[in-house]
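Structure first, then comments.
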Amino acid sequence: MPELPEVETTRRGIAPHLTGQRVSDCVIRQPRLRWPIPDLGHLRGRVVQGVRRRAKYLLIDFDHGTLIIHLGMSGSLRVLPCANPPRQHDHFDLCLGKRCLRMHDPRRFGAVLWTDDALQHPRLRGLGPEPLSDAFNGRHLQHHARGRKTAIKNLIMNGSVVVGVGNIYASEALFMAGIHPQRASGRIALPRLERLSDTIKHVLTHAIERGGTTLRDFLNESGEPGYFAQELLVYGRAGEPCRQCGNLILTRQIGQRASAYCPHCQH
DNA sequence: CTAAGGACCTGTCGGC
DNA sequence: TGCCGACAGGTCCTTA
């Protein structure tokens, strides 16, 4: 479900409900996620200092460490009354008085981890720059692209190059930059890589403004959908006409993922 | 080091 | 109506 805009939408939604609040309880119903949810009894009585995001990880800070949450493919977080009955696949509640942060994840690719130093955690250490930071630009892409034959779409979806770019926004950004998703990374000149870093920033920023992309089940912390889906140019549009030239959008497998593109507009 | 492929899960949808 | 395969927003790990 979530790429960076959906995770950021979730962060903005939950932060005001958590920051400054004291944890009253922590209920683990289904510990089985990508890794088992650790014991979180030590959170009882602790106060949430803030909610950050790094890549697609949400970081809930306490004074003695950080709760790391990843939503995987199908995870979501809601803020709701503790008394609301849990549904199937509701994995855990972080209770803050009468309300709780509740994690739901049918496919169980998500994760809940505890660390005393978030940025040094093995899952976060070694990640590339944030796509919306100045550190991510055409030169950065060029540095990683040089000499590599891997498809450019794989390169921008590689978290050690740049974080937060998943299948939807990689497809959209490549279309907007006019670059074929299969193109060998090392054979793209700097101006086009600069264009690509710009379109990545643009599409992510715009999607965040629209509350993310709801394809089938992404809902924000209040249960509302995002509105970026109606602005998608290629993702999920195979067989439909390109909005720019009218040719049919095609799809092909790149790095195990379906990739939609316009054969006329992208080279 | 790069690149490719499988693995981990459940739910939904389309075709027969 | 029911069954069965294909497919889905993401990493992580092993193998070559």
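The model shown is predicted, which means the values in this text are computed figures rather than measured ones.
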| field | Paired nucleotide for C/dG9 [Watson-Crick or G-U wobble; both distances under 3.5 Å] | value |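 Partner of C/dG9: none.
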
| request: Just name whichever nucleotide pairs with B/dC9, Watson-Crick or G-U, keeping both distances under 3.5 Å, else none. | output: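 WC or wobble partner does not exist here.
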
| Is the closest side-chain donor-acceptor distance between A/Asp117 and A/Thr115 under 3.5 Å? |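 A/Thr115 and A/Asp117 do not have a side-chain donor-acceptor pair below 3.5 Å.
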
| request: Flag yes if more than 12 heavy atoms outside A/His143 fall under 6.0 Å of its NE2 atom; otherwise flag no. | output: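 Atom NE2 in A/His143 is not crowded, with 12 or fewer foreign heavy atoms closer than 6.0 Å.
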
| Is the number of heavy atoms from other residues, nucleotides or ligands within 6.0 Å of NE2 (A/His64) greater than 12? |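 Yes, enclosed.
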
| field | Pair A/Glu194-A/Arg139, salt bridge (Lys or Arg N to Asp or Glu O under 4.0 Å): steps then yes or no | value | CA-CA 7 Å; A/Glu194 282 171 343; A/Arg139 289 219 170 270; 5.4 Å; no

| N or O in side chain of A/His70 less than 4.0 angstrom from C/dT11 OP1/OP2 |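 Yes.
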
Between the protein and nucleotides 3-5 of chain B, are there any N/O to N/O pairs under 3.5 Å, and if so, what are the atom names and distances?
unit_1 : atom_1 : unit_2   : atom_2 : d
B/dA3  : OP1    : A/Lys149 : N      : 2.9
B/dA3  : OP1    : A/Thr150 : N      : 3.1
B/dA3  : OP2    : A/Arg148 : NE     : 2.9
B/dA3  : OP2    : A/Arg148 : NH2    : 2.9

Below 3.5 Å is the cut-off: list the nitrogen or oxygen pairs between protein and nucleotides 8-12 of chain B, distance only.
unit_1 : atom_1 : unit_2   : atom_2 : d
B/dC9  : OP1    : A/Arg32  : NH2    : 3.2
B/dC9  : O3'    : A/Arg108 : NH2    : 3.3
B/dC9  : O2     : A/Arg107 : NE     : 2.9
B/dC9  : N3     : A/Arg107 : NH2    : 3.4
B/dT10 : OP1    : A/Arg108 : NH2    : 3.1
B/dT10 : O4'    : A/Pro106 : O      : 3.3
B/dT10 : O3'    : A/His89  : NE2    : 3.2
B/dG11 : OP1    : A/His89  : NE2    : 2.5

| said: In terms of relative ring orientation, are A/Phe136 and A/His140 parallel, tilted or perpendicular, with 30° and 60° separating the classes? | reply: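 Perpendicular, since the angle between the ring planes exceeds 60°.
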
| Using the ring of each side chain (for Trp, its six-membered ring), is A/Phe62 parallel, tilted or perpendicular to A/Trp114, with breaks at 30° and 60°? |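 Geometry flag for A/Trp114 against A/Phe62: tilted rings.
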
| task | Answer yes when A/Asp90 and A/Arg29 have at least one side-chain N-carboxylate O distance shorter than 4.0 Å, and no when they do not. | result |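 Between A/Arg29 and A/Asp90 there is no salt bridge, as every charged N stays at least 4.0 Å from the carboxylate O atoms.
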
| field | Distance, rounded to the nearest Å, where A/His143 contributes NE2 and B/dC1 contributes C1' | value |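 About 13 Å, once rounded to whole Å.
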
| query | On a whole-Å scale, what distance lies between the C1' atoms belonging to C/dG9 and B/dA4? | reply |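 These two C1' atoms come out 22 Å apart once rounded.
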
| query | How far does the C1' atom of B/dG11 sit from the matching atom of C/dC12, given to the nearest Å? | reply |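 Nearest-Å result for B/dG11 against C/dC12 at atom C1': 23 Å.
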
| Donor-acceptor contact below 3.5 Å, side chain A/Lys201 vs main chain A/Ser133 |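 Checked: pair present.
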
